[in-house]
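Reading through the structure tokens given below for one structure.
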Amino acid sequence: MSIGKIVKVAGPLVIAEGMRDANMFDVVRVSDKRLIGEIIEMHGDRASVQVYEETAGLGTGETVESTGMPLSVELGPGLIKGIFDGIQRPLEAIMAATGNNLTRGIEVPSLDRDAKWQFVPTAEPGANLTGGDFIGYVQETDVVRHHIMVPAGISGTLKEISAGEYTVTDTVATLTDAAGKDIPLTLMQKWPVRRGRPYKNKISPDMPLITGQRVIDTLFPIAKGGVAAIPGPFGSGKTVTQHQLAKWAEADIVVYIGCGERGNEMTDVLNEFPELIDPHTGKSLMERTVLIANTSDMPVAAREASIYTGITIAEYFRDMGYSVALMADSTSRWAEALREMSGRLEEMPGEEGYPAYLGSRLAQFYERAGRVICLGSEKREASLSVIGAVSPPGGDISEPVSQATLRIVKVFWGLDSALAYKRHFPAINWLTSYSLYTDSLGDWFNNNVSPDWMELRGRMMALLSEEASLEEIVKLVGMDALSPGDRLKMEAARSIREDFLHQLAFHEVDTYSSLKKQHLMMRLCMLFYDRAADALTLGANIETLAALPAREDIGRFKYVEEQNTDAEFERVASLLEEQIQTAIAEKEED
């Protein structure tokens with residue numbers, strides 16, 4: 001333990017001397033107020049401390065005491081349904097103790113020390129165990145079985161284990177290592193947030209993370225264990241898109257990090273999630289969710305910790321064999337915290353004042369995602385998918401955070417303010433967005449949904465691309481200058497945009513579309529185009545084809561309940577065929 005004295009206070013940065021025995025990234029307690037901080041730079045006996053609380057009133061000469069431990073999170077029962085700040089302080093427990101405002105220096109354990117959990121052993125005494133092996137479980141919520149694991153780096157023979165009700169600090173089992181030393185095991189373990197949790201090996205991400213959002217699943221899919229970025233200007237729907245992904249993504253556990261976003265956005269999450277019924281389990285969505293609320297009015301420095309806190313918790317549930325989805329909203333606020341601390345440390349700035357190491361810090365965060373084989377004797381496959389929102393000023397993605405992110409992630413969902421102003425949501429621009437997972441996931445879609453999935457997707461993308469080219473001509477010379485075939489392409493692309501890509505997040509049915517329903521909708525859109533193109537060659541009038549009443553039914557298909565989609569598809573397809581035949585017959589009579 002090292003105790004020094006403050007020599008300088010600069011906002012969230014405190015310089016202390018006499019810290020020679022401290023180490024980089026040690027957690028420290030600053031002054032008699034016991035403010036929590038972390039050492040981020042060392043020069044001899046002088047330490048630069050990033051303080052995660054308001055530093056107003058601190059002066060020179062006050063003490064800085066090192067705990068000798070890196071910033072770590074507590075991992076155990078009590079995480080699910082929890083609401084924590086950026087350094088894993090439980091906000092509900094703090095509110096119960098001090099009221100609505102955070103009190104500086106308050107020390108509340110991350111996991112409730114008094115709550116008792118029913119522990120059910122699954123390992124027998126005498127078993128040889130290694131890091132990652134299960135010794136038992138706690139049924140944390142109705143939908144999450146919280147497996148208790150041997151901590152990484154520990155192995156030995158299980159000496160004793162007993163069922164019963166325990167707190168997170170009680171010993172539930174004892175392990176004897178190779179040296180004959182007894183190691184007590186509790187329901188809780190700790191892990192330093194800046195170090196990724198270990199696994200056996202990473203495997204190729206060749207399964208999609210199904211989200212129920214048509215523009216994502218069909219056009220720009222993300223793999224389980226993949227990474228994606230959602231850049232977009234203010235008001236383009238970043239937060240709503242992330243809320244949708246948190247609600248509907250096919251993940252066992254959701255970790256949602258509100259990093260520097262407005263308090264009312266986190267309030268929306270807190271109000272909505274408990275009331276939402278999870279379609280996968282039929283229970284409340286909060287039954288499988290962890291929230292990290294580090295809002296814009298909380299100390300800037302804590303934003304940097306919140307990202308690492310969230311991903312370490314996500315890795316812990318991944319190690320149990322779960323599919324985990326992590327939402328970071330937004331990484332731009334985290335990068336701004338890096339920029340502020342870098343400036344106060346008087347480091348050489350990079351582009352637009354961001355630190356020169358911005359790209360490597362982003363890469364270190366995103367590379368902790370992946371589909372892995374977990375530690376342990378049994379082969380467990382799990383995944384951690386990371387979706388980060390980026391908030392470029394004015395929507396200009398040429399700025400450093402967006403560009404550094406795009407060099408790392410493999411999925412880019414570019415939100416477009418022009419689409420948002422037209423009330424087209426999700427406002428993901430189909431001409432600028434991309435997914436580098438599309439080819440590797442193609443076989444999965446063709447084998448598990450329909451053999452023509454990728455063919456339909458390719459044709460839809462081609463029509464949307466051709467529409468963009470034709471729109472330039474229409475702006476110059478008008479719609480009448482187009483040939484009937486080109487006008488039909490414009491109509492078909494409009495149907496794809498309005499009937500398929502447009503999706504209402506707040507509609508009880510349209511908020512989520514299964515892959516089967518998405519496939520039927522694709523077939524309807526392309527069926528209209530193919531049959532109308534055939535009718536054109538037989539002399540049908542393009543005006544008649546564009547005004548077919550069946551197009552209204554195609555547009556309303558998105559509001560059909562999942563269980564009725566097959567019957568409705570047959571009805572609309574049959575109706576479309578009848579009206580096409582009528583259009584052809586009318587032309588022949590003329």
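In this model, no donor atom of one side chain and acceptor atom of the other lie less than 3.5 Å apart for S323 and D252. Between the side chains of S440 and D206, no donor-acceptor pair of N or O atoms lies under 3.5 Å. Side chains of Q118 and Q139: a donor-acceptor N/O pair is absent below 3.5 angstrom, by distance only. Side-chain N/O atoms of S391 and S330 include a donor and acceptor closer than 3.5 Å. In summary, the side chains of D182 and T174 do not present any donor paired with an acceptor at a separation below 3.5 Å, with no hydrogens or angles considered. For D319 and Y199, the side-chain atoms include no donor-acceptor pair closer than 3.5 Å. No donor-acceptor contact under 3.5 angstrom links the side chains of D133 and T130, judged on distance only. Counting only N and O atoms by type, the side chains of E399 and S402 include a donor and acceptor under 3.5 Å apart.
Residues that satisfy the side-chain contact (heavy atoms from CB on, under 4.5 Å) test with P90, not counting sequence neighbours, are F84, A93, V108. Applying the side-chain contact (heavy atoms from CB on, under 4.5 Å) test to P349 and every residue at least two apart in sequence or in another chain returns nothing.
Looking at Q88 and L79, their side chains come closer than 4.5 Å, going by heavy atoms from C-beta outward. Put simply, the side chain of I373 does not reach to within 4.5 Å of the side chain of R380, judged on heavy atoms. Contact check for M19 versus I3: no side-chain heavy atoms found under the 4.5 Å cut-off.
Heavy-atom minimum distance, F119 versus S162: CD2-O, 3.4 Å.
A side chain to side chain donor-acceptor pair (under 3.5 Å) with E315 is found for one member of R368, R195, R197 and no other, namely R368. Partner of E65 under the salt bridge (charged side-chain N to carboxylate O under 4.0 Å, His left out) criterion, chosen from R34, K5, K33: R34.
Remark: aromatic rings of Y316 and H146 are close, center separation under 6.0 Å.
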